[in-house]
**Student:** 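Handing you this structure, nothing more for now.
Below, each value reflects all heavy atoms present in this structure, side chains not excepted, and no hydrogens, waters or symmetry copies.
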Amino acid sequence: MTPPECRAPIVTAICADARARIGPAMAAAGVKLTLSANRFRLTPSVQNDDTDIDRFLAALPRA
């Protein structure tokens with residue numbers, strides 16, 4: 001959802017059934033993010049550092 005040219009510190013992405021599909025994996029990995037029914041939001045330059053982003057990417061389901 002976040003346009004590539006956006007310079008805001010928030011990244012929002014669409015993910016159908018985000019809470020059910022990625023919520024448990026993020027909780028297990030200790031990743032803090034905002035989950036809605038069909039989207040998720042990270043704040044990589046404010047609340048998350050490189051380690052958090054790596055943990056987020058590693059925890060994403062691969063299906």
Side-chain angles (χ1 to χ4, degrees):
M1 289 181 62
T2 302
E5 67 277 2
C6 181
R7 296 186 53 102
I10 297 172
V11 176
T12 302
I14 296 171
C15 177
D17 203 19
R19 281 190 188 119
R21 290 180 64 197
I22 68 172
M26 296 300 128
V31 175
K32 304 288 188 218
L33 72 161
T34 302
L35 282 169
S36 298
N38 295 305
R39 67 181 180 180
F40 61 88
R41 183 175 68 199
L42 294 166
T43 52
S45 66
V46 177
Q47 297 173 341
N48 305 105
D49 61 19
D50 289 344
T51 303
D52 296 322
I53 300 304
D54 290 342
R55 197 172 9 168
F56 165 76
L57 293 172
L60 278 174
R62 303 288 186 234

**Student:** Do you reckon Leu35 sits in the same ILVMFWY cluster as Leu57, going by side-chain contacts under 4.5 Å, direct or chained?
**Tutor:** yes
**Student:** What residues form a side chain to side chain contact (heavy atoms under 4.5 Å, CB included) with Ala29, not counting sequence neighbours?
**Tutor:** Val31, Arg55, Ala59
**Student:** In chain order, what residues pass the side chain to side chain contact (heavy atoms under 4.5 Å, CB included) check against Ala28, with sequence neighbours excluded?
**Tutor:** none
**Student:** For Arg39 and Ala18, work out which heavy atoms get closest and say how close.
**Tutor:** O-CB, 3.5 Å
**Student:** Please determine whether side chain to side chain contact (heavy atoms under 4.5 Å, CB included) holds for the pair Asp52 and Asp49, giving the CA-CA distance in whole Å, both sets of side-chain angles, and the decisive distance to 0.1 Å.
**Tutor:** CA-CA 5 Å; Asp52 296 322; Asp49 61 19; 3.2 Å; yes
**Student:** Taking all non-hydrogen atoms of both residues, which atom of Pro24 and which atom of Arg19 are closest, and how far apart?
**Tutor:** CD-O, 3.4 Å
**Student:** Starting at CZ of Phe40, measure out to OG1 of Thr12 and round the result to the nearest 0.5 Å.
**Tutor:** 9.0 Å
**Student:** Would you give the length of the straight line joining atom CD1 of Ile22 to atom CG of Leu33, rounded to the nearest 0.5 angstrom?
**Tutor:** 5.5 Å
**Student:** Any chance you could measure Asp17, atom CG, to Asn38, atom CG, to the nearest 0.5 Å?
**Tutor:** 7.0 Å
**Student:** If hydrophobic clusters are built by linking Ile, Leu, Val, Met, Phe, Trp and Tyr wherever their side-chain heavy atoms come under 4.5 Å apart, do Ile14 and Val11 end up in the same one?
**Tutor:** no
